[in-house]
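These figures come from a predicted structure and were not determined experimentally. We name chains A, B, ... by the order of the sequence lines, and we start the count at 1 in each one.
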Amino acid sequence: MSAGLLALMDCNNFYASCERAFDPGLAGRPVVVLSNNDGCVIARSKEAKDLGIPMGAPEFKCRQLFARSGVAVFSSNYALYGDMSARVMATAGAMVPRLEVYSIDEAFLDLAGLPGSPDSNSRLIMEAVKRATGIPVSIGVGPTKTLAKAANRLAKKDPSLGGVLVLPEGPEEPGRAGRLEGPGGPEGQAREAFLTRVEIGDVWGVGPRYASRLRDLGVLTALDFIRLPRDWVRKKMTVGGLHTWLELQGTPCIPMEAAPKPKKSIVSSRSFGRPVTRLEDMREAVSQYASRAAGKLRAQGGLASAVLVWVQTNTFIAGEPQYSQARSLALNPATSNATEIVRRALEGLTGIFRPGFRYKKAGVMLLGIEAEASAQLSLLRQMDGLAERDARAGQLMAALDHVNAKWGRETLFLASCGVARPWGMRQARRSPRYTTVWSELPVAYA
DNA sequence: TCTGGGGTCCTAGGACCC
DNA sequence: TCTGGGGTCCTAGGACCC
């Protein structure tokens, strides 16, 4: 049995590829997708990267280049991307014994026990996903998650690999030839050659802070990194760094997760489309965020025991008066009831809102989340007859979720969230929600 | 000269991920 | 004028307890 044969599948330029999947006219054209409020570039097709458009570049600084070079520009369309992601995951998941969704555009795949070589299996998966969804993916395979990530990175960088890179299994694999040969054997040499090609900043688990500190010490590649003394890594980079160090050498430290873990905190926050100055508008926005957070909480079957609300002005604008403040309030008993969570969030807002500022952003966070199933039933509440009220609130929320699942987000919503929403996001160039809203289905006819 | 030795809980801050 | 929105984990240090 070959333990630890892991693949990382990563969608290429995912958001840009989603836009392209429904609009063949975009083939070969540079495509970029903007963040919420159309603020900055968060996804680029290959053609857009070749134009030198950097990740995270503010839209207003690129506007001329976009126009000059015929770049197709989209507001982000998470309804579309989330649904396309589910289709990609379902397609790949049907072909492997286990799949762990790691992010909207990435999954770890367990390839152990499949007939055929890892390379041919990876290519079959790549083709199946492309056929079913139109989304191109790259796949890296290795004995640990960190090595699979690194292999994936190289598979994307080096076009000659055709989107797939399989690393040799390492000397650490018990009972394998590599172990007998030691690090100097052919597999050990191949591994070293590979690690030399992985820049230190590209290693999963090494962020900008550590990367810069390591470069100062002359550690430029993954190979340099694994040659550092174990104790130094443990001391300077804590256990996380040590896991990275071990995983790069073929020792698995980060296991596959069967099911996504329930969130311990849930955040809903947005920058406003234009500055908010009036309390009424702020109350609508906070209502909206609190009720979105409550919806996410119910979706994972949780109850929150506290809600944190915060507001802030635009820290980018020098010379304008700045203000930011947060307040947290207990939810007792813990609840997922949107009306109750909104009520408490608005209470908190009343305490922190100061007139005379141009607010840029607000948010709501749910904390102290426990599983609904394990929630304690308060004897006191039952005796008070409050249990009945709780049950009715629960039915109301279930009805709300049901209607919105069936007919689309926000078919039903709390009146306190407002209707006109002058503070709402800028989304000037959103594509249709092709796959999740009936009226926006793509049209195909002769 | 001497100034114990653990535990637990909480918070803030720093690092990372997408 | 204009710069996203989510998350997690680890550690150090303080408060408090015996």
Review item, side-chain donor-acceptor pairs of residues 260-274 of chain A, under 3.5 Å, at least two apart:
none

Dot-bracket encoding per residue of DNA chain B, Watson-Crick/G-U cut-off under 3.5 Å, | denoting interstrand
....||||||||||||||
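An OP1 or OP2 oxygen of C:dT1 is reached within less than 4.0 angstrom by no side-chain nitrogen or oxygen of A:R426. Checking the phosphate oxygens (OP1, OP2) of C:dC2, a side-chain nitrogen or oxygen of A:N314 falls inside 4.0 Å. Here A:K263 does not reach the OP1 or OP2 of C:dG6: none of its side-chain N or O atoms lies under 4.0 Å away. Put simply, A:S269 has no side-chain N or O that comes within less than 4.0 Å of OP1 or OP2 on C:dG4. Remark: A:K361 is not in phosphate contact with C:dG4, judged by side-chain N or O atoms under 4.0 Å from OP1 or OP2. Considering only side-chain N and O atoms, A:R270 lies under 4.0 angstrom from the phosphate OP1 or OP2 of C:dG6.
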With side chain to side chain contact (heavy atoms under 4.5 Å, CB included) as the test, would you mind laying out the steps for A:E284 and A:R421 before giving the verdict?
CA-CA 7 Å; A:E284 284 186 10; A:R421 300 187 188 170; 4.2 Å; yes
If you apply the rule side-chain hydrogen bond (donor to acceptor under 3.5 Å, both in side chains), what do you find for A:E47 with A:S45, and how did you get there?
CA-CA 5 Å; A:E47 297 77 11; A:S45 71; 2.9 Å; yes
Applying salt bridge (Lys or Arg N to Asp or Glu O under 4.0 Å) to A:R227 and A:E192, what does each step give before you reach the verdict?
CA-CA 11 Å; A:R227 288 181 169 162; A:E192 293 206 350; 3.2 Å; yes
Is there a side chain to side chain contact (heavy atoms under 4.5 Å, CB included) between A:D83 and A:Y434? Walk through the geometry before answering.
CA-CA 10 Å; A:D83 187 65; A:Y434 297 108; over 6 Å; no
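Counting only N and O atoms by type, the side chains of A:S75 and A:D38 include a donor and acceptor under 3.5 Å apart. With no hydrogens or angles considered, a side-chain donor-acceptor pair links A:S431 and A:E19 at under 3.5 Å.
Following rounding to the nearest Å, A:K296 (NZ) and C:dG6 (C1') show an atom-to-atom distance of 7 Å. Here C:dT8 presents its P atom at 12 Å from CG of A:L366, a figure rounded to the nearest Å. Rounded to whole angstrom, the span from the CE atom of A:M55 across to the P atom of C:dT3 amounts to 17 Å. Straight-line distance from the CG atom of A:L34 to the P atom of C:dG5: 13 Å, rounded to whole Å. The distance from atom OH of A:Y289 to atom P of C:dG5 is 8 Å, rounded to the nearest whole Å. The CD-P distance, from A:E257 to C:dT8, rounds to 13 Å in whole Å. In this structure, A:N37 atom CG and C:dG6 atom P are separated by 12 Å, rounded to whole Å. If you take CZ of A:R429 and P of C:dG4, they are 16 Å apart, rounded to a whole angstrom.
Checking A:M365 against A:Y15, the closest nucleotide of DNA chain C that is more toward the 5' end is the one next to A:Y15. Mapping A:R292 and A:K261 onto DNA chain C by nearest heavy atom places A:R292 closer to the 5' end of the strand.
Note on A:K360: only backbone sugar-phosphate atoms sit closer than 4.0 angstrom, heavy atoms only; bases stay farther off. Here A:S76 lies out of heavy-atom contact (under 4.0 Å) with every strand. Across all strands, A:I266 comes closer than 4.0 Å only to sugar-phosphate atoms, never to a base (heavy-atom distances). Among the heavy atoms of the strands, none lies under 4.0 Å from A:K235.
Of the possible donor and acceptor atoms, none in the side chain of A:Q300 sits under 3.5 Å from a partner among the backbone N and O of A:K296. Between the A:T133 side chain and the A:V88 main chain, no donor and acceptor come within less than 3.5 Å of each other.
The shortest side-chain heavy-atom distance between A:S324 and A:W310 does not fall under the 4.5 Å cut-off.
With ring centers used as reference points, A:Y15 lies 6.0 Å or more from A:F74.
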Quick one, give me the B/S/- string for nucleotides 13-18 of chain B, reading 5' to 3', where B means a protein heavy atom under 4.0 Å from the base and S means that only happens at the primed atoms, P, OP1 or OP2.
--SSSS
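Each of C:dT3, C:dC10, C:dG4 was ranked by its minimum atom distance to the side chain of A:N36; first place goes to C:dG4.
With P as the reference atom, B:dT3 and C:dC18 are 24 Å apart, rounded to whole Å.
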